[in-house]
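All values reported here derive from a predicted model rather than from experimental measurement. Indexing begins at 1, ligand by ligand and atom by atom, following the structure's order.
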Amino acid sequence: MKQPTLTTTDFAKRRAVLMRRIGPGGVAILATAPETIRNQDVHHPYRPNSDFYYLTGFAEPDAVAVLVPGREAGAYSLFCRPRDPQAELWQGRRAGVEGALAEFGADAAYPLAELDIILPKLLETAHRLYYALGTNPSFDSRVLGWLNQLRTKVRAGVQVPREIHALDDLIHEQRLRKQTAELKLMRQAADISVAAHRRAMRMCQPGLWEYQIEAELLHEFMRCGALSPAYPSIVGGGANACILHYRDNNQRLRDGELLLIDAGAEYQYYAADITRTFPTNGRFSSEQRILYELVLAAQTAAIAEVKPGNPWDAPHQAAVAVLAEGLRRLGLLQGTLAEVIAQETYKRYFMHKTGHWLGMDVHDVGNYKRDGVWRCFEPGMVLTVEPGLYIAASSPVDARWWNIGIRIEDDVVVTRTGCEVLTEAAPKTVAAIEAEMAR
Ligand code: GLY
Ligand code: MN
Ligand code: MN
């Protein structure tokens with residue numbers, strides 16, 4: 001399988017776009033995520049901060065990027081761990097200062113330990129500081145320390161940035177619209193995740209444990225070069241499908257139940273997010289089929305609303321209308337359609353929203369409203385469309401509907417004329433699912 005990837009030029013272009021928005025007189029400081037300890041000498045698997053990686057392509061911990069647009073000596077400085085043969089023998093390779101310059105396009109690079117010496121000098125040239133306050137409290141206090149250090153020198157003619165701007169807002173707006181190269185990675189994440197869901201459908205049978213199905217998903221992810229899921233996989237049979245963020249994945253699958261799988265791969269720091277729901281025994285019961293086709297109709301109506309110019313909540317409104325009418329028609333909710341929607345009684349069975357932005361983070365960055373109104377879709381935005389119905393045991397309906405939890409989730413990119421479903425190939429109709437499971 002040919003593996004798409006981003007190049008140093010892609011990252012340089014991103015920095016150039018950001019620096020044009022910051023302009024001369026501004027300086028941006030961005031630290032990557034810290035490592036976290038699991039216990040004793042064991043760390044959690046390291047994942048860089050998405051904003052940091054988006055701009056640098058640098059995946060090591062202990063790194064800080066500084067951008068000073070228009071700086072003569074070079075706009076982009078990278079502080080990182082220096083080469084250290086002994087440390088690298090135990091913990092793995094480092095790019096070092098040399099690699100930061102040669103492989104990652106930095107104009108200047110320094111060992112992280114020199115931050116306290118160099119950074120105040122870079123700050124001194126600026127009127128405006130761009131920094132995401134609040135995401136990394138210990139780094140925040142260092143940034144404030146550098147500012148205060150400069151303030152003690154104003155009488156000596158040193159300049160201190162007077163304004164602090166939210167760097168994250170600028171980067172998130174940039175991340176919201178995906179470039180062609182990013183969409184390639186997202187397609188890869190989607191394709192791998194589709195293959196994993198198909199594998200799960202083919203392997204599933206009553207008597208297996210939820211974690212055995214999870215193992216099939218992970219096997220397919222890693223086999224295809226996605227080294228981590230984008231979020232903890234949800235593999236919930238029967239009643240567990242009605243727990244929205246079920247993560248235990250430790251129960252036995254029983255005959256006659258539905259299995260809900262919400263799982264997506266992370267490929268080169270880009271996420272897929274797919275949910276499929278199917279009967280453990282390969283054949284939908286009549287209640288399961290009725291509710292499944294209702295959720296599918298809601299999802300189809302929601303996807304049809306994803307097009308440039310439509311507001312963010314148009315897909316959700318479309319899904320709610322279909323689900324509310326269906327629940328009413330089946331006698332699972334009382335009242336007129338207008339009442340069910342106005343009083344939000346449908347929320348008893350459909351209690352979440354219909355989607356979220358998708359990108360490097362599964363719940364990706366980018367705001368949903370601007371000045372209080374839903375923002376409109378634009379080409380290049382990627383979102384999930386994921387209506388569901390969850391009828392827990394003891395719901396006030398006939399017991400034949402109990403323990404049916406269904407969600408259908410696809411990843412959708414807004415195109416110039418409408419949208420494209422990146423995860424279309426994961427079987428979704430009753431017929432396609434039953435056929436896949438019979439293979
Ligand atoms: N997998 C998390 C979500 O669907 O939002
Ligand atoms: Mn989702
Ligand atoms: Mn999901």
R407 versus Y390, side-chain donor and acceptor atoms under 3.5 Å: yes
Residue pairs involving residues 26-43 (criterion side chain to side chain donor-acceptor pair (under 3.5 Å); sequence neighbours excluded): T32-Y46
Environment of the Mn ion (ligand 3) in terms of protein N/O/S atoms, cut-off under 2.8 Å: D262 OD1, D262 OD2, D273 OD1, E409 OE1
Polar side chain donor-acceptor pair, Y246 to E210, under 3.5 angstrom: yes
Pair E163-H165, side-chain donor/acceptor within less than 3.5 Å: yes
Whether H356 has an N, O or S atom under 2.8 Å from the Mn ion (ligand 2): yes
Ring geometry between W357 and F377 (parallel below 30°, tilted from 30 to 60°, perpendicular above 60°): perpendicular
Pi-cation contact, Y269 with R47 (under 6.0 Å, within 45°): no
Pair F350 and H352, ring centroids less than 6.0 Å apart: yes
Neighbour count above 12 (heavy atom, 6.0 Å) for R202 CZ: yes
W146 ring center near F139 ring center (under 6.0 Å): yes
Set of residues that line ligand 1, where lining means a heavy atom lies under 4.0 Å from it: Y231, D262, D273, H356, H363, E386, E409
Output side-chain donor-acceptor pairs under 3.5 Å for residues 57-65, partner residues at least two apart or in another chain, one line each.
from, atom 1, to, atom 2, distance (Å)
E60, OE1, R81, NE, 3.4
E60, OE1, R81, NH2, 3.2
E60, OE2, A95, N, 2.6

